Number of protein chains: 2
Amino acid sequence: MPVQKYRSLQIKLTPQRLAILSYLNGNKTHPSAEDIYKAVQKQYPTMSFATVYNTLEALRDKGNIRELKIDPAKKRYDPDNTPHHHLICVKCNCIVDIHEDFDLNLPGKLTRGFDLIGKSIEFYGICRKCK
Amino acid sequence: MPVQKYRSLQIKLTPQRLAILSYLNGNKTHPSAEDIYKAVQKQYPTMSFATVYNTLEALRDKGNIRELKIDPAKKRYDPDNTPHHHLICVKCNCIVDIHEDFDLNLPGKLTRGFDLIGKSIEFYGICRKCK
DNA sequence: GAGCTTGATAAGAATCATTCTTAGATGATA
DNA sequence: TATCATCTAAGAATGATTCTTATCAAGCTC
């Protein structure tokens, strides 16, 4: 596992954190804290939920992962921090990435004095499995 | 209050429900369950949280309100069920409606076998107050 | 390398929004 | 008005997340 790669995160690299980073690296499944806990626990049986949450919070604050507001029941995390959008199944809540750059700008008269930061588009539908 | 207007909802119209509907009618603030509870409690001191949730669930299932997934800490409800998007302050979580029809289509090759239902665009920024 | 300081970990308690349960009350309809 | 399905209220239960506390480890300074 390329520890080097994580140096730039500027957070202390402990074995638990490396295990979480390794699980997230290249992961396309948008896991919840519980998903991550369960996966990493196999390797570190003493892993605690608090460590998972602390690490995710640190990574989010460093801009390394995105916290998704898609599932009202729980937070989900997106390790892919290139700009992209999501296609979500309204039945099973599964999420698929959409790597397409939509040329979309908010007309100046509608910004209501906001300093704009970004945008996010969610498409809703029913996935193949749920049909 | 136009009780007539709510007949089409096909739900039993009790005083508590009418109070909730009246609070929601024309409301542009995207309230949480707690906001609604607090507001309606003034009129009905015996109102319970369960009634608020039950009513919101019924209204949502009838398509009369939208449940917003914008705030990870709590559900928020949008009484405006005409198609529109949102502009959200990342600091105070305030939400402003954007009534602009963006011509936005997901290319067929990206649908991954989903039956598409709809889309939702969120713009993020910092509002005038929070600057 | 020893000691120090800061931050991380583990375990469980605490919190908070939401959902469930139950018994009793009320609206809708004929 | 009688019937019945549904609603209400109160509080318990749930479940994700956050907080607390006591250790422990990493990385710096000397």
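Just so you know, these numbers come straight off a predicted model, no measurement behind them. Residue numbering restarts at 1 for every chain, and letters A, B, ... go by the order of the sequence lines.
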Taking donor-acceptor contacts at under 3.5 Å, does the side chain of A:K12 reach the base of D:dA25?
no
B:I117 reachable from A:I88 in the ILVMFWY side-chain graph, under 4.5 Å edges
yes
Single hit among B:Y77, B:F49, B:Y23 for ring pair (Phe, Tyr, Trp, His ring centres under 6.0 Å) with B:Y37
B:F49
Show, in sequence, the C-alpha distance, side-chain angles and deciding distance for B:I11 and B:N64, and conclude whether the side chain to side chain contact (heavy atoms under 4.5 Å, CB included) test is met.
CA-CA 11 Å; B:I11 60 171; B:N64 196 58; over 6 Å; no
If you pin A:S32 and A:N54 to their nearest nucleotides in DNA chain D, which one's is more 5'?
A:S32
To the nearest 10 degrees, how far apart in direction are the end axes of the helix from C:dG1-D:dC30 to C:dA30-D:dT1, each fit to five base pairs?
40°
Would you sort out whether B:F102 and B:F123 count as a ring pair (Phe, Tyr, Trp, His ring centres under 6.0 Å), showing the intermediate values?
CA-CA 13 Å; B:F102 297 96; B:F123 295 93; 5.7 Å; yes
Distance check, rounded to the nearest 0.5 Å: A:L21 atom CG versus A:I65 atom CD1?
9.0 Å
The test is side chain to side chain contact (heavy atoms under 4.5 Å, CB included); show your working for A:L104 and A:I121 and say whether it passes.
CA-CA 10 Å; A:L104 188 67; A:I121 305 171; 3.8 Å; yes
Any side-chain N or O of B:R17 under 4.0 Å from OP1/OP2 of D:dT8?
yes
Between A:K69 and B:D71, is there a salt bridge with N-O shorter than 4.0 Å?
no
Is there a side chain to side chain contact (heavy atoms under 4.5 Å, CB included) between A:T51 and A:S48 once you walk through the steps?
CA-CA 5 Å; A:T51 301; A:S48 107; 3.7 Å; yes
Side-chain contact test, heavy atoms from C-beta onward, threshold under 4.5 Å: evaluate it for A:I36 versus A:I20 and give yes or no.
yes
Outermost nucleotides of DNA chain C that come under 4.0 Å of a non-hydrogen atom of chain B:
C:dA17 to C:dA28
With A:S32, which residues qualify under side chain to side chain donor-acceptor pair (under 3.5 Å), at least two apart?
A:D35
Sub-4.0 Å heavy-atom contacts from residues 43-50 of chain B onto DNA chain C, ordered by number:
B:A50
Compare side-chain N and O positions of A:Y53 against OP1 and OP2 of D:dT17 and report whether any pair is under 4.0 Å apart.
yes
Within residues 58-77 of chain B: residues closer than 4.0 Å to DNA chain C (heavy atoms)
B:A73, B:K74, B:K75
Show me, pair by pair, the donor-acceptor contacts under 3.5 angstrom made by side chains of residues 92-101 of chain B, not counting sequence neighbours?
from  : atom 1 : to    : atom 2 : distance (Å)
B:D97 : OD1    : B:H30 : NE2    : 2.7
B:D97 : OD1    : B:H84 : NE2    : 3.4
B:D97 : OD1    : B:H86 : NE2    : 3.3
B:H99 : NE2    : B:D80 : OD2    : 3.1

Closest non-hydrogen atom pair between B:N81 and B:G63, with its separation
ND2-O, 3.2 Å
Between D:dG15 (C1') and A:Y37 (OH): distance, integer Å
15 Å
Worked check of side-chain hydrogen bond (donor to acceptor under 3.5 Å, both in side chains) between A:E122 and A:S120:
CA-CA 7 Å; A:E122 279 112 44; A:S120 144; 2.8 Å; yes
Distance, rounded to the nearest Å, where A:L56 contributes CG and D:dT17 contributes P:
10 Å
